[in-house]
Amino acid sequence: MHGREDDVTNHPGDPTDAAGDGPPRAIGDATTGDATGNDTTGDATGDGTGGDEGRRAADDAGRPAALPGRGRRVRRAVTGTLAALLVAAALTAPDQLRELRPAAFLRMPVEALVVAAGLLALPARPRRVAAALTGAVLGLVTVVRLTDLGFQVAWDRPFDLVSDWVLFDDAYGFLAGSIGRPGAVGVAVGVVLLAVALLVTLALAALRLAALLARHDTGARRAVAALTVGWVACAAFGVRIVPGVPVADSGATAMVRYHAAQVRGGLTDGDVFAAEVAADRFRDTPGDELLTALRGKDVVVAFVESYGRDAVEEPEFAQVGAVLDEGTRRLRAAGFASRSAYLTSPTAGGGSWLAHATLLSGLWIDSQQRHRSLLATDRLTLGGAFQRAGWRTVGVMPGALADWPEGKFYGYDRFYPARELGYRGPKLGYFLMPDQYALSELQRRERSAPGHPPVMAEIPLTSSHSPWTSFPRVIDWDDVGDGSVYHRNSAVADVGGKPVRRTAAQIRADYRRTIEYTLKSLISYVETYGDDDLVLVFLGDHQPAPVVTGEDASRDVPVTVVARDPKVLDRIDGWRWQDGLRPGPDAPVWRMDTFRDRFLTAFGSRPGESAPPAAAPR
């Protein structure tokens with residue numbers, strides 16, 4: 001049986017033993033204790049001269065030192081209880097927002113039993129080292145768990161330990177745009193300090209609990225054995241105190257296992273992805289055999305930020321459906337027809353560039369690692385196919401606030417970042433300029449000149465980007481100009497409250513209004529500038545954050561093709577998409593990475609001679 005480990009309150013330099021009496025003890029004195037403060041004298045149970053009997057005798061004698069002894073015992077009880085609660089909370093904390101309630105902590109973590117048994121089996125000095133390391137690891141696990149929770153809220157998925165680090169920079173930019181740079185710096189510093197505090201505090205808590213286990217060696221062994229039997233019984237019978245919350249818990253182990261598999265998968269995904277890149281049916285197709293059914297057409301691919309399936313199906317957003325239905329009638333009156341369906345995005349809540357890359361490359365880009373790998377390849381993108389076939393290809397990027405070398409990968413002859421679009425208005429929303437202004441610049445710079453070469457343009461529309469606080473109005477296109485008009489109240493709708501002051505219902509209402517604005521801008525653009533040679537493809541990049549959709553929402557986004565030339569839509573009759581701008585509940589659903597090949601095939605492209613056999617549709 002091991003000797004009792006002194007509590008850290010009996011620290012080096014304390015001139016008395018636990019009872020407050022007796023001669024001074026030197027640290028490391030072989031007759032009174034080792035260098036760690038553990039008593040080496042005493043009876044066979046491990047209690048030394050300063051043990052419980054000595055303290056009781058001192059108390060009975062009414063010696064003045066008894067009160068300090070009681071104070072130490074109270075402090076030990078309080079700090080021990082707090083340490084136990086902290087460790088238990090770290091082990092049982094949920095990583096899903098919907099589970100974040102007090103009942104979620106009513107569990108018996110198997111990891112606590114395993115660690116306690118291991119600490120009881122170790123001698124004093126190794127026990128302290130093991131406890132400190134265990135606490136630090138638990139702190140790290142807690143940091144990852146909290147990060148998972150944050151990613152579930154923002155992106156509806158756990159944190160990717162391999163490739164998601166770059167997203168912290170984007171998160172900082174989002175905060176700076178929402179609450180200002182000083183506030184963003186404060187949040188960033190607070191997050192770092194919290195992470196460090198968790199590591200240190202949990203290490204100290206584990207040391208405290210290790211000391212308690214050693215002090216009550218026999219009782220602790222019996223308790224661990226009894227709780228282990230209880231855990232096995234609860235696991236076997238599926239015991240739950242609260243519905244959906246099993247008493248026998250191993251959530252921390254499951255989380256570590258998940259992230260370990262995630263890391264292994266990330267390390268091996270390179271070869272898998274390289275094989276997918278190489279399997280390209282149109283890699284070697286010559287330009288005169290690409291997109292032959294769209295010759296002479298201007299093709300605009302517009303991504304609508306956060307335009308997800310919930311926007312057109314949830315009763316709360318019924319006004320979005322009304323905008324689409326009215327737009328269908330107005331465009332039909334102007335001679336346009338449309339077909340709509342759904343695509344399943346590789347991302348949700350954020351990560352728009354992953355959806356853009358997926359649609360344009362025909363590959364499933366669901367991580368930063370795949371995105372980086374894709375940009376290093378010569379994969380034929382949709383823009384590259386148009387470029388090879390003779391179109392002038394452009395990227396109009398109102399959300400690109402810096403250089404964007406990726407434009408070359410996507411096959412653009414001309415790239416317009418935000419700074420080159422000449423906007424002179426106020427900042428509206430997360431990004432700089434309203435969508436109607438961006439569309440106006442596309443028209444003015446690329447489609448307005450008589451006899452212009454056919455243009456293929458990609459344009460991400462950003463007014464519906466979170467946090468959904470500014471709402472421009474659709475104005476007369478002749479009034480858009482350089483954007484100065486947006487300094488007038490008549491051109492901007494009411495501005496929503498600060499992100500930290502809105503309820504979830506207000507956030508959803510603001511989201512709906514920005515989606516309505518962007519859709520109205522697109523419909524008005526087609527009415528104003530559409531002709532027989534315009535083909536518009538517009539789609540969502542991903543669903544909005546779970547604060548809008550709730551958790552476990554689908555990842556489907558609406559997609560629509562609009563054209564006046566009936567031959568264009570005749571080409572996609574086989575897709576069985578539904579008529580109009582608003583897809584219904586039974587509309588087809590494709591994975592977003594299948595769109596490139598289906599689009600190229602429908603509009604006259606032939607696979608290259610060296611292409612592998614076509615894969616079965618997914």
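In this text the structure is predicted, and so the values were computed from the model without any measurement. Only this structure's heavy atoms are used, side chains among them; waters, hydrogens and symmetry mates stay out.
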| request: Output the distance between atom CD (Glu326) and atom NZ (Lys520), rounded to the nearest 0.5 Å. | output: 10.0 Å
| If only atom types and distance count, is the side chain of Asp435 paired as donor or acceptor with the main-chain N or O of Ser463 below 3.5 Å? | yes
| Test side-chain hydrogen bond (donor to acceptor under 3.5 Å, both in side chains) applied to Thr462 - qualifying residues, sequence neighbours left out | none
| SB check Glu516 Arg513 (cutoff 4.0 Å) | no
| field | Residues forming a side-chain hydrogen bond (donor to acceptor under 3.5 Å, both in side chains) with Ser345, sequence neighbours excluded | value | none
| message | A side-chain contact here means heavy atoms from C-beta on lying under 4.5 Å apart; do Phe415 and Val396 qualify? | response | no
| In terms of side-chain heavy atoms, does Arg309 have a donor or acceptor partner in Gln543 at a distance below 3.5 Å? | no
| message | Using side-chain heavy atoms (C-beta onward) and a distance below 4.5 Å, is Val557 in contact with Asp541? | response | no
| task | Would you kindly say whether Thr344 and Asp556 are connected by a side-chain donor-acceptor distance under 3.5 Å? | result | yes
| field | Thr393 side chain to Met456 backbone, donor-acceptor under 3.5 Å | value | no
| task | Would you indicate whether the side-chain heavy atoms of Asp310 and Val548 approach each other to under 4.5 Å? | result | no
| query | His542 and Ser352: side-chain donor and acceptor closer than 3.5 Å? | reply | yes
| query | Taking NZ, NE, NH1 and NH2 as the nitrogens, is one of them in Glu276 or Arg370 under 4.0 Å from a carboxylate oxygen of the other? | reply | yes
| said: Assess whether a salt bridge exists between Arg424 and Asp482, defined as any Lys/Arg side-chain N lying under 4.0 Å from an Asp/Glu carboxylate O. | reply: no
| query | Is it true that Arg414 and Glu420 have a side-chain N and a carboxylate O under 4.0 angstrom from each other? | reply | yes
| So, Arg157 and Asp366, do they make that salt bridge, N to O below 4.0 Å? | no
| query | Just by distance, with hydrogens left out, do Ser464 and Thr514 show a side-chain donor and acceptor under 3.5 Å apart? | reply | no
| query | Which residues pass the ring-ring contact (aromatic ring centres under 6.0 Å, His included) test with Phe168, sequence neighbours left out? | reply | Phe159, Trp165
| Which of parallel (below 30°), tilted (30 to 60°) and perpendicular (above 60°) describes Tyr307 and Phe538? | parallel
| By side-chain hydrogen bond (donor to acceptor under 3.5 Å, both in side chains) - contacts of Ser440 (at least two apart) | none
| said: I'd like to know if the side chain of Ser250 reaches the main chain of Thr253, judged simply by a donor and an acceptor atom lying under 3.5 Å from each other, with no hydrogens or angles considered. | reply: no
| remark: Across all chains, not counting sequence neighbours, the ring-ring contact (aromatic ring centres under 6.0 Å, His included) partners of Tyr529 are Trp477, Tyr525
| Sub-4.5 Å side-chain heavy-atom contact between Thr528 and Gln443 | no
| field | Under 3.5 Å donor-acceptor, Glu111 side chain and Leu91 backbone | value | no
| task | Given salt bridge (Lys or Arg N to Asp or Glu O under 4.0 Å), test Arg447 with Glu441 step by step and report yes or no. | result | CA-CA 9 Å; Arg447 297 193 64 238; Glu441 286 299 293; over 6 Å; no
| query | Between His371 and Gln368, does any side-chain donor sit less than 3.5 Å from a side-chain acceptor? | reply | no
| query | Can you tell me if Arg379 uses its side chain to pair, donor with acceptor, with the backbone of Ser361 under 3.5 Å? | reply | yes
| message | Counting C-beta onward and ignoring hydrogens, is there a side-chain heavy-atom pair between Tyr416 and Glu446 closer than 4.5 Å? | response | yes
| said: Can you list everything that forms a ring-ring contact (aromatic ring centres under 6.0 Å, His included) with Tyr511? Sequence neighbours excluded, please. | reply: Phe317, Trp468
| Are the charged groups of Arg508 and Glu316 less than 4.0 angstrom apart, N to O? | yes
| remark: CG of Leu375 to OG1 of Thr377, rounded to nearest 0.5 Å, is 7.5 Å
